[in-house]
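Below is one structure; the comments refer to it alone.
Along the sequence shown, residues are numbered consecutively beginning with 1. Given the structure is predicted, the values throughout are model-derived calculations rather than measurements.
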Amino acid sequence: MTFVVAAAALALLARTVGTATEQLGARLGSGGASVVQSALGNLPELFIALFALHRGLVDVVQAALVGSILANSILVLGLAFLVGGLRNGPQRFDSGRARMVSTLTVLAAATMAIPSLADQFHAPAAAHANTLSLVCAGVLLALFVLTLPSFLRGAAGEVHEPPRWTIAETAAVLAAAGTAAALTSDWVVSALTPAIHTLHMSEEFAGLVIVAIAGNAVENVVGVQLAARNRPDFAIGVIVNSSLQVALALTPVLVITSLLFATHLTLVFPTLLALVLLIAGILGALVVNDGESTWEEGAVLVGFYVVIAASFWWGT
């Protein structure tokens, strides 16, 4: 019940953030608003991961990081394509920006997977997992800083309705909703361990699916809402930017911050997690490269996510 209430609270907060994000987009453009919204949307994931690391749930955190990228680049993107396509027909968006973001996501996913592959193939670096993870984290953070200015620019020719809220009102709503979502995250983690035992699911499934979807509630609602309103550039910006921020910012921050905890977080994931991370990055790049989305593409993405989730349900 605690988890259900917390998830419902996150969904309601997500709807509020969605409205405020549209108001912000009218002032900053979809690029700047997408970056701000994605950062606020990832706050619950940050706090969920920190609470889980404090409790020693490293497997859950690793799965949640991969699951966040999967949830956005496969599930939420698929739902946005599905809902937007059924409601508005084929939707076109700025393929240049989408291609740049998706390419960076693939490169980030590959960087995150390198320590896992080194461990799996018993490379000399396998004995230095902590150091290699810190090197990868530093590279990812550097890429985030270098590419951030390009994401703050809006898409060419975008048109927005005049804002109805003042900038102060918009900022206050976003700050309050983001803070409330972060506090709600503690409820999710508190309910996680009993839920794992009661439902007999694996820790990987809990992190990959449950924690990732709960932590991405903001993007889940906002991205689909924007696609349904026939604003595909803004929708894809919110969804794909969130995946990229998880890979380039959230993951390295957690790797570095985990040095303060008794159990350190590394980028040595279970092999299947590393593989689906790479597949998700490549698949997400393929579907957005043509600059057009259809509901059929959305259905395929959602179906693929179900298969991935099912493969992690059973514990050892």
Side-chain angles (χ1 to χ4, degrees), residues 14 17-19 21-22 24-26 28-42 68-109 144 147-148 150-160 213 216-249 280-302 304-305:
V17 171
T19 303
T21 300
E22 285 197 276
L24 191 63
L28 300 181
S30 62
S34 296
V35 170
V36 173
Q37 192 279 323
S38 296
L40 288 170
N42 286 328
S68 295
I69 297 173
L70 289 176
N72 284 292
S73 59
I74 301 294
L75 177 63
V76 184
L77 189 64
L79 289 173
F81 284 1
L82 183 63
V83 173
L86 289 174
R87 186 163 182 176
N88 305 296
Q91 294 179 299
R92 290 177 174 79
F93 47 87
D94 186 348
S95 60
R97 286 177 62 84
R99 190 179 300 115
M100 180 188 68
V101 175
S102 61
T103 300
L104 280 171
T105 303
V106 173
L107 292 174
F144 176 71
T147 57
L148 184 60
S150 64
F151 295 129
L152 294 174
R153 294 192 294 268
E158 61 182 4
V159 178
H160 298 282
I213 291 178
N216 283 283
V218 174
E219 291 87 348
N220 296 350
V221 176
V222 174
V224 176
Q225 276 182 340
L226 291 170
R229 294 170 185 169
N230 204 24
R231 303 188 66 185
D233 276 305
F234 204 172
I236 292 174
V238 168
I239 295 167
V240 183
N241 265 331
S242 183
S243 290
L244 196 58
Q245 284 193 24
V246 170
L248 294 184
I282 295 170
L283 186 58
L286 287 175
V287 297
V288 302
N289 271 357
D290 61 355
E292 183 178 83
S293 64
T294 64
W295 71 264
E296 291 92 345
E297 289 177 329
V300 169
L301 289 174
V302 173
F304 182 58
Y305 182 83

pair Asp290-Glu297: side-chain heavy atoms closer than 4.5 Å:
yes
Report the distance from atom CG of Leu301 to atom CG of Leu70, rounding to the nearest 0.5 Å.
11.5 Å
Looking only at non-hydrogen atoms, find the nearest pair between Ala235 and Ala227 and report the distance.
CB-N, 3.7 Å
Find out whether Phe144 and Leu104 are in side-chain contact, i.e. whether some heavy atom of one side chain is under 4.5 Å from a heavy atom of the other.
no
Any side-chain heavy-atom pair from Phe81 and Val288 closer than 4.5 angstrom?
yes
Quick one: list whatever passes salt bridge (charged side-chain N to carboxylate O under 4.0 Å, His left out) with Arg92, sequence neighbours left out.
Glu292
Identify the two heavy atoms, one from Ile69 and one from Ala247, that lie closest to each other, and give their separation to 0.1 Å.
CD1-CB, 4.0 Å
Do Asn88 side-chain atoms and Ala228 backbone N/O form a donor-acceptor pair below 3.5 Å?
yes
Show the nearest heavy-atom pair for residues Asn72 and Ser243, with the distance to one decimal.
CB-OG, 2.9 Å
Heavy-atom pair with the smallest gap, counting every atom of Phe93 and Ser293
CE2-N, 3.8 Å
Side chains of Trp295 and Arg87 in contact at under 4.5 Å (non-hydrogen atoms):
no
Which of Ile74, Leu77, Thr294, Val300 passes side chain to side chain contact (heavy atoms under 4.5 Å, CB included) with Val287? Answer is Leu77
Distance-minimising heavy-atom pair for Ala285 and Val106
CB-CG2, 3.9 Å
Thr105: side chain to side chain contact (heavy atoms under 4.5 Å, CB included) partners, not counting sequence neighbours:
Val101, Val240, Leu244
